[in-house]
Amino acid sequence: MWLSRSVRFSLLPSIAKFPPFLPIHNSLFCSHSHSQTSLHDDAVSQFNRLLHQRHVPPIFEFGKILGFLVRMKRYPTAISLIKQMELKGIHNDLANLNLLINCCCHLHKLSFAFSVFAKILKRGYHSDAITLTTLVRGLCDKGEVKEALNLHDKVITLGSRLNQFTYVTLINGLSKIGETKAAIELFRTIQGQSTVMYNIIIDSLLKENHPKEAYGLYSEMVIKGISPDLITYNTLIYGFCLVGQVDVAFGFLNKMVSNSIRPDVYTYNILIDAFCKERKLGEANNVLGVMVKAYVKPDVVSFNALMDGYYVVNKGKNAKQVFSAMTHMGVSPDVRTYNIMINGLIRNEMVDEAINLFHEMQNRNIFPNTVTYNTLIDGLCKTGRISHAWDLFHEMRGRNPQADVITYSSMIDVLCKNHQLDKAIELLRKMRENGVQPDMYTATILIDGMCRGGRLKNAQEIFQDLFNKGHNPNIRTYTVMISGLCKEGLLDEALTLWSKMEDSGCLSNIITFEIIISALFKNDETEKAEKFFHEMISRDLLK
DNA sequence: TTAGGGTTAG
C-alpha cells in the first residue's frame, strides 16, 4: 500500500533504489572548508580590528559582525563584544541593543534583557516593534506567555505600535503551551493574518489531533488568497501523517509539487520518519535516495530517523551501518543520534553496549541530556541493575542535565517494585521540593505500587488528590485503581468507579475489562461477569 | 547590522 502511494507520488518518477549505506560522492555534499570555529574566530578578529581603528567606524559595521555571530548562535561572544564597545565609550545604536536583548533572551537572562530595554528608553530611543517582539519571544520561550501578553497590553496602552512579527510570536507562544484556543482567539482579532500565523495554528491543531479544523483553516487561507508556502505543506504533511491520514498527507505532497514548491530537507525527513514509524524501512530508504537525486542533502535528522526505524524493526546492524554512512557523508552525529542508539540497544537488551556508547559520546564531546540519562536509567532499572541506575540518578543531582518528571518517575517505579513504598513517597516529596511536578504517569506508578503493597488507603488519597488538583485521570490510572479495589474485594466500589470513569468519557480498554471480569468470577458473581464479557465483545475489544 | 512558523530520541 505504501509502495503504491510512493509510486503515485510525482516526486518519484522512478523509484531510485539508492544503495543505502554507500557514501555519496558528490561535491555538493562535501563539508564546508571553514569550520564553525574558524568562522567565529575570524568574526571576532575582524571585530577587534574595527574596535582598534583610530577613527571609530560606523556602528552598523560592528552590527554586521554581531548579526553574523547571533545567526551562528554565539550569544556569549556577541554579548562580550558589545560590552567591549561600551567600555571603549562607543555607544551602540538601537539595532545593536536589540541584538543584545536577543542574545540575553536566548541565554534565558531575562532580567538583563529588560535592563537593556530600560537603557533603550533612558537613551530616548523610541522602542520599536523589533525590541518588543524580541522581549515577547524571550518571555514565551521561558513559558511566561501570560507575562508576554501583559507586556503587549502595557505597550499598546503606552501607544507603541506592534506588527505581524509580534503577533506571530504571541500566537506561537500560546500554541506551544497548549493554549491553541486562546491562540486562535488572538489570531481572529488581528487584521491582516499571515501565512505564518495560519501555519502555527494548523500545526497545533494537527498535533492536538484536530485534523478537520486544521483542514478548515487551510481551505480558509486558500479562499482568502493567502498562499500556503513550503512550511504550510510540510506542516500539513507531517500533521496528517501524525493523525494517521496518510492519504491526505500524500495529497498535500502532490499539491505542493504541482504548485512548483520544491520539497526541502524537512519534507523528506518527515516522509522518512513517517515510513520508519510504519516500519516500512525500504520505503524510507527510497525517500533518502530520491532526496539525494534531487540534490537535497540529508542531514542529521534524516539519519537519526532512519536509525530509529531500523532499531524499531530489530535491525541494529543496519542502524550501525547508517551511523557509518552519515559519518562518511560528513554529517556529525548529535545527542539524539546517541540517544536513539542507546534506546535501540536497550530495547534489544544490550545494556552494556548502551553504557559504552554513553561513555563514547562524552569522549566525542557530545554531552548526554536528560533524555540520555532517562533512557539509560530506565534500561538499568528494567534489567535489575538498580544500584547503577541510582548512581546515574545521583550524578544528575544539582547539575545539568537536571532530572525531570520522567527521571523521578522511573526511580519511584523501581522503589515501588521493590516494596520500598515509604522511600517512594519520600522521593515524591523531594521531587516536588526540587520544583518537578508529578504527572499522571507518576501518580499511576504510585497508585499501582500502593495497591500492590496493600496500602489501598494511600492509593485512594493519591487518586483523590488528582481530582482535587483538577486533573483528569487517564485509562491507566483508573485501571490500576479499579484493580486495587478488586484485589481488596471491594467490588462494589470498583464498579462505582468504573461507571464514574465511563461517564467521564474515559472508556475501558481490554485490560480494565479483564480485571473486572476475573474479579467478578472469583467472587461468584457469574451473571455480572458475563454481562461485562458481552459488553467487551460488543465493543470489539477482543481484536 | 536587529524581531516570526515546520522534521528525529526517553
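Throughout, protein chains are lettered first and strands after them, A, B, ... in sequence-line order, and every chain is numbered starting at 1.
At the heavy-atom level, Ile406(A) lies under 4.0 Å from base atoms of the strands shown. Using a 4.0 Å heavy-atom cutoff across all strands shown, Ser175(A) reaches no nucleic acid atom at all. Across all strands, Thr375(A) comes closer than 4.0 Å only to sugar-phosphate atoms, never to a base (heavy-atom distances). As judged by a 4.0 angstrom heavy-atom cut-off over every strand, Ser302(A) is placed among residues making no nucleic acid contact. Residue Asp334(A) is classed as having no contact, given no heavy-atom separation below 4.0 Å to the nucleic acid.
The salt bridge (Lys or Arg N to Asp or Glu O under 4.0 Å) test applied to Lys207(A) returns Asp203(A), not counting sequence neighbours. Contacts of Asn369(A) classified as side chain to side chain contact (heavy atoms under 4.5 Å, CB included), with partners at least two apart in sequence or in another chain: Val335(A), Asn339(A), Val371(A), Thr372(A).
Here dA9(B) presents its C1' atom at 19 Å from CZ of Phe367(A), a figure rounded to the nearest Å. The CZ atom of Arg71(A) sits 6 Å away from the P atom of dT2(B) (whole-angstrom rounding). Distance CG (Leu376(A)) to C1' (dA9(B)): 13 Å, rounded to an integer number of Å. Following rounding to the nearest Å, Ile190(A) (CD1) and dG4(B) (P) show an atom-to-atom distance of 16 Å. The nearest whole Å value for the distance from the CG atom in Leu132(A) to the P atom in dG4(B) is 14 Å. One atom, CD1 of Ile202(A), and another, P of dG4(B), lie 21 Å apart when rounded to the nearest Å. As a whole-Å value, the separation of Met326(A) CE from dA9(B) C1' is 13 Å.
The base of dA3(B) sits with one of its N or O atoms less than 3.5 Å from a complementary donor or acceptor on the side chain of Asn163(A).
At the phosphate of dT8(B), OP1 or OP2 sits under 4.0 Å from a side-chain N or O atom of Tyr238(A).
Here Phe165(A) counts as stacked on dA3(B): its ring centre is under 5.5 angstrom from the base ring centre and the planes meet at under 30°.
Side-chain rings of Tyr373(A) and Phe393(A) stay apart, their centers remaining 6.0 Å or farther from each other. In this structure, Phe240(A) has its ring center no closer than 6.0 Å to that of Tyr218(A).
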